[in-house]
Number of protein chains: 4
Amino acid sequence: MDDAKTMASAGAQRPPGEADADRVRTNILEIATEEFAAKGLTGARIDEIAERTLTSKRMIYYHFGGKEGLYRAVLAHCYGRIRTIESTLDLGGRPPLEALAHLVRFTFDYQVANEDFIRLVMVENIHRAEYVSQMPELQALNLKVIELLRGICERGAAEGVIRPDVDPTDLHMSISALCFFNVANRHTFSVIHEVDMMSIAAKTARRETIVEMVLRYVRPAAA
Amino acid sequence: MDDAKTMASAGAQRPPGEADADRVRTNILEIATEEFAAKGLTGARIDEIAERTLTSKRMIYYHFGGKEGLYRAVLAHCYGRIRTIESTLDLGGRPPLEALAHLVRFTFDYQVANEDFIRLVMVENIHRAEYVSQMPELQALNLKVIELLRGICERGAAEGVIRPDVDPTDLHMSISALCFFNVANRHTFSVIHEVDMMSIAAKTARRETIVEMVLRYVRPAAA
Amino acid sequence: MDDAKTMASAGAQRPPGEADADRVRTNILEIATEEFAAKGLTGARIDEIAERTLTSKRMIYYHFGGKEGLYRAVLAHCYGRIRTIESTLDLGGRPPLEALAHLVRFTFDYQVANEDFIRLVMVENIHRAEYVSQMPELQALNLKVIELLRGICERGAAEGVIRPDVDPTDLHMSISALCFFNVANRHTFSVIHEVDMMSIAAKTARRETIVEMVLRYVRPAAA
Amino acid sequence: MDDAKTMASAGAQRPPGEADADRVRTNILEIATEEFAAKGLTGARIDEIAERTLTSKRMIYYHFGGKEGLYRAVLAHCYGRIRTIESTLDLGGRPPLEALAHLVRFTFDYQVANEDFIRLVMVENIHRAEYVSQMPELQALNLKVIELLRGICERGAAEGVIRPDVDPTDLHMSISALCFFNVANRHTFSVIHEVDMMSIAAKTARRETIVEMVLRYVRPAAA
DNA sequence: CATGAATGAGGATTCATTCAT
DNA sequence: TATGAATGAATCCTCATTCAT
């Protein structure tokens, strides 16, 4: 988020209003992400978004075309960020099971730290993925995480510490499911079951349950 | 629909208007469940619900007070149904691990068969459980499933086939998470990863992965 | 216009709000006719129309669906009126040429008296008949005037006072063109040519020119 | 477009910017004519005009002051063109009736070929000639056609082939009305009466009807 | 001359809810 | 209980025009 701003004040060889426009767009995008995450596509109000930005409602239409265009831009931005962040993951040197545990903890922590993103995915699923399906740049995003998991599985199978029949995509789904639920469904789950899911202790405990679950799942029966 | 009518006018010793009113309420509730599940609380339209109903918009206000009242009634009805259905589960005679596997498969199948309920839970989480928190009858619903799991865990621990430190609520969360994701996030996941999640084969495979994951998680290390 | 009102206060055996609703619709229609005729479809403002009616903007949407729906209703109403009015024309007893002259004068007078209708037709032509083409009830309106002209031509031909090769539709087009121009183009024509087209004298003179032109056109060369 | 550029930069002794400015003005004017003719003054969009232009929106404001200024310029340009074109008409040598027929055919053909102009006149009449009235250069444009008609009538009267009481302006109005209708009202007329007005055959037939009508109108009764 | 960005006032439309009968 | 009509406060969006560079 801050990158654009930093770059703008630094580089400055480019056309005049460009840096400003970028800042305006980024600003709108930030607020819109929060609003759409908080209230959904239908629940969010263009007026409220505009009010919270540094510019006017009119600029939302100028830069993003409308409510749907803004929502699409928010989706694109959020999905884009994961790719970027995933790239920072370095699992190279670790033994397979340790790498896997690290990946699970990373996923858990990322989702906990990015509730907005989780909620946007929920919102998009309420809309039956109607918008991401129409965004070619998001289809087959080919998240690096799948490749990482494939590498781990292959190395682990070679070393005999991971069952050879574990499917990377299926494994990713399990990890995602376990981590996602903790953020997405925490509100109803904690009310219905009267349990705490927000404290650091609860989160840590849950995270380790998930790590354990994943490791036990991939390990060969006799390992 | 017609069944309700038949039953109502047949079995009833009560004043005629009462059965009618019941039928009207049930009818509205069914349509509203579909609409709220399909479009969320903000996205659903009172006019559309009324139009699909056998009665008029006025009746929604008469019986449920308004949009929020109707939404609350829908939540109450859906959560109530789980309790009812859970009661039909008979795991008594089975050995612990078999009972657990059965419970997981039941949970998976129920969620697949009741997408509307899953989506309503998503919707409610988007609203940060604002409505279920205000419904005393839903708080501490004490779902029977927790008791079932506790029984399984205890019997399993006694028999040495389940680790003694498995927490029933934590286990329920894992099962729920794995099953829920399959319905809730199927739209985005299948688009992003270009995988099929809707075919019977895909569902069955996924279900067995989940069973496996849960069983491996609870079994003692050397079992 | 007044019919609905009259009937409503007279008949009164029907459901309660119906007469009122009719009056509301009629009122909106009247104002809308004026506004669309005065400023065109794009130029007219829903707010202004609403302000001039006895009800609110919301009612326009309730009864007519929107700006286009209202415009369509206005077109339907105006075209419908001609049919009705044409039916009052009684040319039966007159000799062909006299009947024709009468019809021309009637057309001229009707158009002069109904400038709004003329302007709506202009507006619709600016829109390339986009709306009337989509109104099945207006296509092949089968205006009675064509039948009247056909009758006149046939009788006239039989009596030898009208050329046998005059086509009724072509003749109608000529009459329409001559009358229409007088209302439709009066503003630019009178400015460009500095002539009066609004005085009663000017209108009468013009009307007789048109009658003359039409009669001379249909008469056999040697008649 | 490119021709203009070539010619401008080639033949010109003038300051280079001037030719450019001319080119820009002409380009804007052409596009604006199309847009105003297509959608009317209210319906046309400055943004759309600018987009279709080779330059930017700013230039419209620079050269024409705004939407109304541009519309005025378009009117001036179109009316100016008729005068120019009318001047090419040479009826001198022909006998009066032949000259008249020629003039009618010319008028008809010009209007068919210049639909944009016809539509602009319609648009201006929708605005009750509000703009042409305020353009001194258009008032009393003294179209040459009136003079031509006066000449024809006088010669014809002298020769006894045209009634002496035919008024040139009135005759012009009749010719205009008959020709104008064919272009202006073709959309509604062809829909309502289910007739073809666009084919070459239909146009030719209609043109000859008009010629006939005009000639019969001016000829002395016994001619 | 040229361009992208910005603006405020206006304009069409929708929504949950209530009223009259 | 039932129904069509009515309402006002939003809500999304568009337009002609101007500014900064």
Side-chain angles (χ1 to χ4, degrees), chain A residues 14-25 42-50 55-70, chain B residues 16-18 20-21 24 42-50 53-63 65-70, chain C residues 14-25 42-50 54-70, chain D residues 16-18 20-21 23-24 42-50 53-63 65-70:
Chain A
R14 7 169 205 174
E18 194 175 304
D20 274 8
D22 243 42
R23 231 169 35 226
V24 165
R25 265 191 296 267
T42 339
R45 300 289 169 237
I46 285 278
D47 280 278
E48 268 182 69
I49 294 172
T55 55
S56 67
K57 179 165 51 164
R58 189 60 192 74
M59 280 298 96
I60 293 177
Y61 287 90
Y62 181 72
H63 286 293
F64 299 97
K67 197 186 193 184
E68 288 196 4
L70 181 54
Chain B
E18 194 175 307
D20 275 11
V24 164
T42 344
R45 301 290 168 237
I46 286 279
D47 281 280
E48 267 182 69
I49 294 172
T53 276
L54 298 173
T55 60
S56 71
K57 188 161 43 161
R58 188 68 192 77
M59 285 302 97
I60 293 176
Y61 285 89
Y62 180 77
H63 287 294
K67 197 187 192 184
E68 288 196 6
L70 181 54
Chain C
R14 358 168 211 179
E18 195 174 304
D20 273 8
D22 242 43
R23 229 166 40 224
V24 165
R25 267 191 295 269
T42 338
R45 300 288 169 236
I46 287 278
D47 281 278
E48 269 182 69
I49 294 172
L54 300 171
T55 56
S56 68
K57 179 163 53 161
R58 189 61 191 74
M59 281 299 95
I60 294 176
Y61 286 89
Y62 181 74
H63 286 293
F64 300 98
K67 198 185 192 184
E68 288 196 4
L70 182 54
Chain D
E18 194 175 308
D20 274 12
R23 215 172 62 227
V24 163
T42 343
R45 301 289 169 236
I46 286 278
D47 281 279
E48 267 182 70
I49 294 172
T53 278
L54 298 172
T55 62
S56 71
K57 189 161 45 163
R58 188 69 191 77
M59 285 302 96
I60 293 176
Y61 285 89
Y62 180 78
H63 286 294
K67 196 186 192 184
E68 287 196 4
L70 181 54

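Throughout, a chain's letter reflects where its sequence line sits, starting with A, and its residues are numbered from 1. Just the heavy atoms: all of them, side chains too, but no hydrogens, waters or symmetry mates, feed the values below.
Judged by distance alone, the side chain of Lys57(B) and the main-chain N or O of Glu48(B) form no donor-acceptor pair under 3.5 Å. The backbone N or O of Ala44(C) lies less than 3.5 Å from a partner atom in the side chain of Lys67(C), making a donor-acceptor pair.
dT18(E) atom P lies 13 Å from atom CD1 of Ile60(B), rounded to whole Å. A straight line from CD1 of Ile49(C) to P of dG11(E) spans 12 Å, rounded to a whole angstrom. Atom CD of Glu68(A) and atom P of dT11(F) are 17 Å apart (whole Å). Tyr61(A) places its OH atom 17 Å from the P atom of dG11(E), with the value rounded to the nearest Å. Taking atom CG of Asp20(A) as the reference point, atom C1' of dA5(E) lies 9 Å away to the nearest angstrom. For Asp47(C) and dT13(E), the CG to P distance is 11 Å, given to the nearest whole Å.
The 5' end of DNA chain F is approached more closely, in terms of each residue's nearest nucleotide, by His63(C) than by the other of Ile46(A) and His63(C). The residue among Met59(D) and Ser56(A) whose nearest nucleotide of DNA chain E lies closer to the 5′ end is Met59(D). Each of Glu48(C) and Thr42(B) has a nearest nucleotide on DNA chain E; the 5'-most of these lies closest to Glu48(C).
dC1(E) sits 23 Å from dT21(F) when the P atoms are compared, rounded to a whole Å.
Of all nucleotides present, only dT17(E) satisfies the Watson-Crick or G-U wobble test against dA6(F), with each distance under 3.5 Å.
No N or O donor and acceptor, one from the side chain of Lys67(B) and one from the base of dT17(E), sit under 3.5 Å apart. Side chain Lys57(B) to base dT3(F): no donor-acceptor pair is found below 3.5 Å.
Across dA2(F), dA20(F), dA6(F), the shortest atom-to-atom separation from the side chain of Arg58(D) is found for dA20(F).
Contact annotation: the side chain of Arg25(C) approaches that of Phe64(C) to within less than 4.5 Å [non-hydrogen atoms, C-beta and beyond]. Taking 4.5 Å as the limit, some side-chain heavy atom of Ile60(B) sits within range of a side-chain heavy atom of Ile49(B). Annotation: side chain of Ile46(D) is in contact with side chain of Tyr61(D) (closest heavy-atom distance under 4.5 Å).
In this model, the phosphate group of dA6(F) is not approached by any side-chain N or O of Tyr62(C) to a distance below 4.0 Å at OP1 or OP2. For dC12(F), the OP1/OP2 oxygens have a side-chain nitrogen or oxygen of Arg45(A) closer than 4.0 Å.
Residue contacts shown for Ala50(C) are absent, as no nucleic acid heavy atom lies under 4.0 Å away.
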